[in-house]
Amino acid sequence: MGRSRGGFTSKLHLSADGRCRPLSLIVTPGRRADCTQFKPVLEIRVPRPGLGRPRKKPDSLAADRAYSNGPMREYLRRRGIHHTVPEKTDSQAARLRKGSRGGRPPGFDEHRYKKRNTIERAINRLKQFRAVATRYDKRGYVFLGTATAAAVAIWLRT
């Protein structure tokens with residue numbers, strides 16, 4: 001549990017597949033920035049049906065502005081993950097202020113970004129479980145267990 005302006009809060013960081021099923025869950029204090037949990041959330045292993053090594057890399061990634069910074073984009077490029085992350089307005093203003101030295105804007109695929117609602121739908125699916133939505137658990141590890149149990153139930157239903 002972490003203290004923030006609103007009191008004691010926590011955040012649930014997760015990644016989801018195209019069918020709105022959670023792939024990885026991390027619970028942090030509410031004051032923790034989203035970008036600090038980017039790499040741990042992407043460290044997933046999805047087993048293949050039959051033989052073969054598990055997949056460690058998604059085909060593509062759509063994220064919100066909280067993940068729009070240079071190190072994140074470089075990490076995704078290095079791993080060969082196609083990504084669509086909108087540029088922050090202050091970063092855009094700073095780039096434009098530099099003129100020709102500011103460089104090109106990062107690529108942005110609107111069609112791929114429209115599919116970002118899958119993560120919002122995955123969160124809403126988790127919130128269908130009252131214990132996840134109300135967050136009455138006092139300890140972070142208990143809440144993570146509750147969210148994991150809800151994610152397993154989602155996987156078993158689909």
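Predicted model, so just to flag it, every value in this text is computed and none were measured. These numbers come from the heavy atoms of this one structure, side chains and all, not from hydrogens, waters or symmetry mates.
Other residues, nucleotides and ligands contribute at most 12 non-hydrogen atoms within 6.0 Å of the NZ atom of Lys127. Counting heavy atoms of neighbouring residues, nucleotides and ligands inside a 6.0 Å radius, atom CD of Glu43 exceeds 12 of them.
Pairing each heavy atom of Thr118 with each of Gly18, the nearest pair is CG2-O, 3.9 Å. Between Ala16 and Leu23, the shortest heavy-atom distance links the atoms C-CD1, 3.9 Å. Contact between Ala122 and Cys20 at its shortest, heavy atoms only, is CB-O, 3.6 Å. Of all non-hydrogen atoms in Arg45 and Pro54, the two that sit nearest each other are CB-CB, 4.2 Å. Shown here for Pro22 and Leu25, the closest heavy-atom pair between the two residues is CB-CD2, 4.5 Å. The minimum heavy-atom distance between Pro86 and Ala63, with the atom names listed, is CD-O, 3.3 Å.
Rounding to the nearest 0.5 angstrom, the gap separating the CG atom in Leu42 from the NZ atom in Lys56 is 13.5 Å. Taken to the nearest 0.5 Å, the CG atom of Asp59 stands 11.0 Å off from the CG atom of Asp17. Between the CG atom in Leu96 and the OG1 atom in Thr89 there is a gap of 11.0 Å [rounded to 0.5 Å]. Rounding to the nearest 0.5 angstrom, the gap separating the CD atom in Gln128 from the CD1 atom in Ile123 is 13.0 Å. With values rounded to the nearest 0.5 angstrom, Lys115 atom NZ is found 9.0 Å from Asp109 atom CG. Expressed to the nearest 0.5 Å, how far NZ of Lys88 lies from CZ of Arg95 amounts to 14.5 Å.
Taken together through direct or relayed side-chain contacts under 4.5 Å among Ile, Leu, Val, Met, Phe, Trp and Tyr, Ile154 and Leu144 form part of one hydrophobic cluster. In the hydrophobic cluster analysis, where Ile, Leu, Val, Met, Phe, Trp and Tyr join through side-chain heavy atoms closer than 4.5 angstrom, Ile81 is grouped together with Tyr67. Note on Phe143 and Leu126: same hydrophobic cluster, where clusters join Ile, Leu, Val, Met, Phe, Trp and Tyr whose side-chain heavy atoms are under 4.5 Å apart, directly or indirectly. Hydrophobic clustering, with ILVMFWY side chains joined whenever heavy atoms are under 4.5 angstrom apart, groups Leu12 together with Phe129. Grouping the Ile, Leu, Val, Met, Phe, Trp and Tyr side chains by contacts below 4.5 angstrom, directly or via other members, places Val27 with Ile119.
Thr146 places a side-chain N or O within 3.5 Å of a backbone atom of Val142 that can act as its donor or acceptor partner. Under a 3.5 Å cut-off, the side chain of Arg139 and the backbone N or O of Tyr141 do not form any donor-acceptor pair. Looking at Ser91, its side chain never comes within 3.5 Å of a backbone N or O of Glu87 through a donor-acceptor pair. Looking only at distances, no side-chain donor or acceptor of Ser24 sits under 3.5 Å from a matching main-chain atom of Ile44. Side-chain atoms of Lys11 come within 3.5 Å of backbone atoms of Arg32 as a donor-acceptor pair (strictly under, hydrogens ignored). A side-chain donor-acceptor contact under 3.5 Å links Arg48 to the backbone of Arg53.
The side-chain heavy atoms of Ser60 and His83, taken from C-beta on, include no pair separated by under 4.5 Å. Between His82 and Arg112 the shortest side-chain heavy-atom distance falls below 4.5 Å.
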| request: Give the intermediate values and the outcome of side chain to side chain contact (heavy atoms under 4.5 Å, CB included) for residues Tyr113 and Val85. | output: CA-CA 8 Å; Tyr113 189 69; Val85 183; over 6 Å; no
| Steps toward salt bridge (charged side-chain N to carboxylate O under 4.0 Å, His left out) verdict (Arg116, Glu120) | CA-CA 7 Å; Arg116 193 182 75 81; Glu120 304 297 336; 3.3 Å; yes
| query | Between Ile26 and Leu14, is a side chain to side chain contact (heavy atoms under 4.5 Å, CB included) present by the stated rule, with each step listed? | reply | CA-CA 6 Å; Ile26 296 176; Leu14 70 128; over 6 Å; no
| request: Using the side chain to side chain contact (heavy atoms under 4.5 Å, CB included) rule, take Arg21 and Arg125 through it: C-alpha gap first, then chi angles, then the decisive distance, then the call. | output: CA-CA 9 Å; Arg21 297 178 298 191; Arg125 274 182 150 183; 4.1 Å; yes
| query | What's the verdict on side chain to side chain contact (heavy atoms under 4.5 Å, CB included) for Ser68 and Arg73, showing C-alpha distance, side-chain angles and the deciding distance? | reply | CA-CA 7 Å; Ser68 176; Arg73 292 180 191 274; 3.0 Å; yes
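Side-chain atoms of Arg135 and Ser10 form a donor-acceptor pair, as typed in the model, at a separation below 3.5 Å. Judged purely by distance below 3.5 Å, without hydrogens or angles, the side chains of Thr28 and His13 pair a donor atom with an acceptor atom.
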